[in-house]
Trainee: 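Dropping a structure here in structure tokens format, bear with me for questions.
Each chain gets a letter, A, B and so on, in the order its sequence line appears, and its residues count up from 1.
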Amino acid sequence: MASVITPRDKDFSQWYVDVVKHGGLAEHSAVKGCMVIKPHGYAIWEAIRDYLDRRFKETGHVNAYFPLFIPQSFLAKEAEHVEGFAKECAVVTHYRLKLDADGQLVVDPAAKLEEPLIVRPTSETIIWNTYRNWIHSYRDLPLLINQWANVVRWEMRTRLFLRTAEFLWQEGHTAHASEAEAREEALRMLDIYRELAREVLAVPVLSGRKSDQEKFAGAVDTYTIEGLMQDGKALQMGTSHFLGQNFARAFDVKFLNAEGRQEYVWATSWGVSTRLVGALIMTHGDDRGLVLPPRIAPLQVVVVPIYRKDAQLQQVREAMAPFMEAWRARGVSVRFDDDDNHSPGWKFHEYELKGVPVRVVVGPRDLANRTAEVARRDTGEKELVSWDALGDRVPALLDDIQQSLLRRAEAERDRRTYEVDTWNEFVRRIEDGGFVIAPWDGTAETELAIKEKTKATIRLIPDEQPDDPGRCILTGQPARYRVVFARAY
RNA sequence: CGGGGCGUAGCGCAGCCCGGUCAGCGCACCUGCUUUGGGAGCAGGGGGUCGCAGGUUCGAAUCCUGCCGCCCCGACCA
């Protein structure tokens with residue numbers, strides 16, 4: 001039977017949609033631009049959440065929750081912030097419905113709110129309005145708070161996980177007594193994001209600072225991690241912002257320092273979203289479906305029994321039970337799939353679509369030979385393993401898959417990362433897809449002109465810069481930096 | 001907001017040009033039997049206001065008008 005997945009080289013966008021749908025990750029909902037996250041997709045998000053929540057707490061942060069609704073006037077208080085978000089806000093204007101003369105349900109005009117409420121696109125304003133009451137002295141600082149929440153940005157065009165009107169994320173909002181401490185915090189959290197991407201998701205990223213054009217609305221500096229997807233487009237996977245005193249000024253949040261002087265508080269905010277699930281798909285997926293790194297896979301090992309009679313099923317179950325118990329004791333998640341409604345072949349395809357890293361197949365032949373067929377999802381390779389070795393082989397294979405996915409993704413990223421110094425080469429490389437490192441004169445005009453001509457944006461400005469960055473690829477002026485360009489999601 | 005496509009059973013579609021056993025197919029679902037090492041087979045069965053509202057007609061899924069919704073591609077964005 002033909003695959004239900006469109007091949008990547010035929011239509012990458014369709015391939016992506018097929019993997020999301022047939023992998024049981026998410027589906028379109030009755031609400032335009034909003035998705036239903038299905039159990040398998042949500043389980044991946046939960047694994048991301050669990051890892052980050054642990055890391056946040058290890059670094060001194062606590063969770064809290066702030067309202068979904070933000071008074072319209074709050075958004076207006078920080079000029080750049082409102083400019084950045086005003087165009088994509090859902091607005092609540094009424095609080096009641098009623099039946100009209102025809103029995104139709106309509107908004108009750110008498111129930112108009114005094115002040116419209118914005119469904120949060122991000123929570124800086126409501127949080128800093130709250131922090132004003134929480135922070136009085138340097139002894140109240142630092143304030144290290146994270147929130148797990150949903151936010152709404154009314155995007156014109158949406159894509160499952162990558163850009164939905166409503167999405168799940170975490171947003172950290174911290175307050176500090178000094179600029180240095182706040183900057184340090186912003187970079188610390190970026191490091192945690194980079195570790196999540198590399199060590200857990202097996203997605204290698206580049207990190208650095210955003211240009212003024214690309215930074216968060218209201219930030220002094222935005223730091224980012226960027227991944228490179230299989231189609232050569234970049235994906236922003238997480239951002240951490242040094243907000244300076246912008247929000248403290250807008251919401252009048254001051255503290256008394258040790259010298260007894262009033263000072264505005266220094267701030268950061270940082271977040272990652274369900275978009276990371278999209279990054280996983282587009283980094284590791286293949287034409288058979290999703291490929292999950294073991295460290296993020298909700299199910300790491302599936303055991304599929306082959307049997308004719310119930311007695312055989314029972315024999316397989318009993319033979320595998322000690323292995324499953326031993327694997328679980330080592331922290332491996334494993335399922336014995338004895339569902340009789342589907343044939344083994346059907347199950348093989350299903351678990352490949354869902355990205356389960358390791359499949360163990362045991363049938364009558366194996367019972368006779370004391371063996372199992374072990375298949376790895378990343379390469380598709382199968383090996384016959386004797387029961388003597390099976391207990392150690394499966395956990396070892398999971399480690400190997402985790403490492404090998406990262407190496408493969410790194411090799412792919414390196415292969416598609418170019419250093420260029422001429423306009424013609426720049427255009428050619430951007431056209432092919434990939435990270436293109438090139439000298440830039442540092443002006444917004446040049447950045448916009450390059451975007452206009454090539455659809456490429458500055459993904460980030462690397463921390464480490466050469467003594468002489470060369471001459472700007474567009475203007476030929478002495479360059480200020482060598483920066484990473486790419487077409488991006 | 002521009003460009004393209006699509007609304008017929010839970011999903012995927014055919015039928016529409018040329019109005020009249022066109023309410024159909026595949027998958028899924030239910031029952032039974034046989035199967036199970038790469039999406040099993042046979043037999044029987046249940047399920048649809050044909051997106052919505054008007055109109056033309058003896059008769060509309062099919063023709064006309066208006067509306068609504070969704071998806072994909074672009075501009076904007078985590």
Trainee: How does RNA chain B read in dot-bracket, base by base from 5' to 3', with Watson-Crick or G-U pairs under 3.5 Å and | used when the partner is on another strand?
Mentor: ((((((((.[[[[.)....(...]]]].((((((.....)))))).....[[[[[..)....]]]]])))))))....
Trainee: Exactly one of A:Arg55, A:Arg49, A:Lys57 should register a salt bridge (Lys or Arg N to Asp or Glu O under 4.0 Å) with A:Asp53. Which one does?
Mentor: A:Lys57
Trainee: What nucleic acid atoms does A:Pro305 come within less than 4.0 Å of, heavy atoms only: base, sugar-phosphate, or nothing?
Mentor: nothing
Trainee: Name all residues meeting the side chain to side chain donor-acceptor pair (under 3.5 Å) criterion together with A:Thr446; count only those two or more places apart in sequence or in a different chain, and write none if there are none.
Mentor: A:Asp441, A:Thr443
Trainee: Can you find a donor-acceptor N/O pair under 3.5 angstrom joining the side chain of A:Lys382 to the base of B:G38?
Mentor: yes
Trainee: Expressed in angstrom and rounded to an integer, what is the separation of A:His349 atom NE2 from B:U36 atom P?
Mentor: 17 Å
Trainee: Could you tell me the separation between the CG atom of A:Asp366 and the P atom of B:U36, rounded to a whole number of Å?
Mentor: 15 Å
Trainee: If the P atom of B:G38 is compared with that of B:A23, how far apart are they to the nearest Å?
Mentor: 43 Å
Trainee: Between B:C29 and B:C76, how far is it from one P atom to the other, in whole Å?
Mentor: 46 Å
Trainee: Using the C1' atom as the reference point in each nucleotide, state the distance between B:G12 and B:U34 in Å, no decimals.
Mentor: 29 Å
Trainee: To the nearest 0.5 Å, tell me how far A:Ile44 CD1 sits from A:Lys38 NZ.
Mentor: 12.5 Å
Trainee: Write down the distance separating the C1' atoms in B:G2 and B:C27, rounded off to the nearest Å.
Mentor: 37 Å
Trainee: With sequence neighbours excluded, tell me which residues meet salt bridge (charged side-chain N to carboxylate O under 4.0 Å, His left out) with A:Arg163.
Mentor: none
Trainee: Under the side chain to side chain contact (heavy atoms under 4.5 Å, CB included) test, which residues partner A:Gln312, sequence neighbours left out?
Mentor: A:Tyr307, A:Arg308, A:Gln315, A:Pro364
Trainee: Closest-nucleotide mapping onto RNA chain B: is A:Glu350 or A:Lys309 further toward the 5' terminus? I mean the 5' end.
Mentor: A:Lys309
Trainee: Are A:His61 and A:Trp270 close enough that their ring centres sit under 6.0 Å apart?
Mentor: yes
Trainee: Using a heavy-atom cut-off of under 4.0 Å over every strand shown, decide if A:Gly271 touches base, sugar-phosphate, or nothing.
Mentor: nothing
Trainee: Tell me: NZ of A:Lys21 to P of B:G12, nearest whole Å?
Mentor: 7 Å
Trainee: If I take atom CG in residue A:Asp340 and atom P in nucleotide B:G32, what distance separates them, rounded to the nearest angstrom?
Mentor: 13 Å
Trainee: Sort me out a list of protein N/O and nucleotides 40-42 of chain B N/O pairs below 3.5 Å, or just none if empty.
Mentor:
| from | atom 1 | to | atom 2 | distance (Å) |
| --- | --- | --- | --- | --- |
| B:A40 | OP1 | A:Ser343 | OG | 3.2 |
| B:A40 | OP2 | A:Ser343 | OG | 2.3 |

Trainee: Quick check, are the ring centers of A:Phe251 and A:Tyr131 under 6.0 angstrom apart?
Mentor: no
Trainee: Would you say that A:Val360 contacts A:Val301 through its side chain, given a criterion of any heavy-atom pair below 4.5 Å between the two side chains?
Mentor: yes
Trainee: May I ask you to check if A:Arg159 and A:Tyr16 form a cation-pi contact, with NZ or CZ under 6.0 angstrom from the six-membered ring centre and within 45° of the axis?
Mentor: yes
Trainee: Using ring-ring contact (aromatic ring centres under 6.0 Å, His included) as the criterion, list what pairs up with A:His22, not counting sequence neighbours.
Mentor: none
Trainee: For residues A:Ile458 and A:Val484, determine if any side-chain heavy atom of one lies less than 4.5 Å from a side-chain heavy atom of the other.
Mentor: no
Trainee: Nucleotides 2-9 of chain B: which of its N/O atoms have a protein N/O under 3.5 Å away?
Mentor:
none

Trainee: Quantified in whole Å, what is the P atom distance between nucleotide B:U31 and nucleotide B:C50?
Mentor: 30 Å
Trainee: Just jot down the side chain to side chain donor-acceptor pair (under 3.5 Å) partners of A:Glu166, sequence neighbours excluded, or say none.
Mentor: A:Asn150
Trainee: Write down the distance separating the P atoms in B:G32 and B:G24, rounded off to the nearest Å.
Mentor: 28 Å
Trainee: Distance check, C1' atoms only: B:C17 and B:C11, in whole angstrom units.
Mentor: 28 Å
Trainee: Once you round it to whole Å, what is the distance between P of B:G37 and NZ of A:Lys347?
Mentor: 10 Å
Trainee: Which value, in whole Å, describes the distance between the P atoms of nucleotides B:C52 and B:U62?
Mentor: 11 Å
Trainee: Tell me the ring-ring contact (aromatic ring centres under 6.0 Å, His included) pairs involving residues 191-217 of chain A, sequence neighbours left out?
Mentor: A:His81-A:Phe216, A:Phe85-A:Phe216, A:Phe216-A:His241
Trainee: Which residues satisfy the salt bridge (charged side-chain N to carboxylate O under 4.0 Å, His left out) test with A:Lys77, sequence neighbours excluded?
Mentor: none
Trainee: Using only modelled atom types and a 3.5 angstrom limit, is any donor from either the side chain of A:Arg308 or the base of B:G37 paired with an acceptor on the other?
Mentor: no
Trainee: A:Phe167: what forms a ring-ring contact (aromatic ring centres under 6.0 Å, His included) with it, not counting sequence neighbours?
Mentor: A:Trp169
Trainee: Base, backbone or nothing for each nucleotide of nucleotides 67-78 of chain B, written B, S, -, heavy atoms under 4.0 angstrom, 5' to 3'?
Mentor: ---SSSSBBBBB
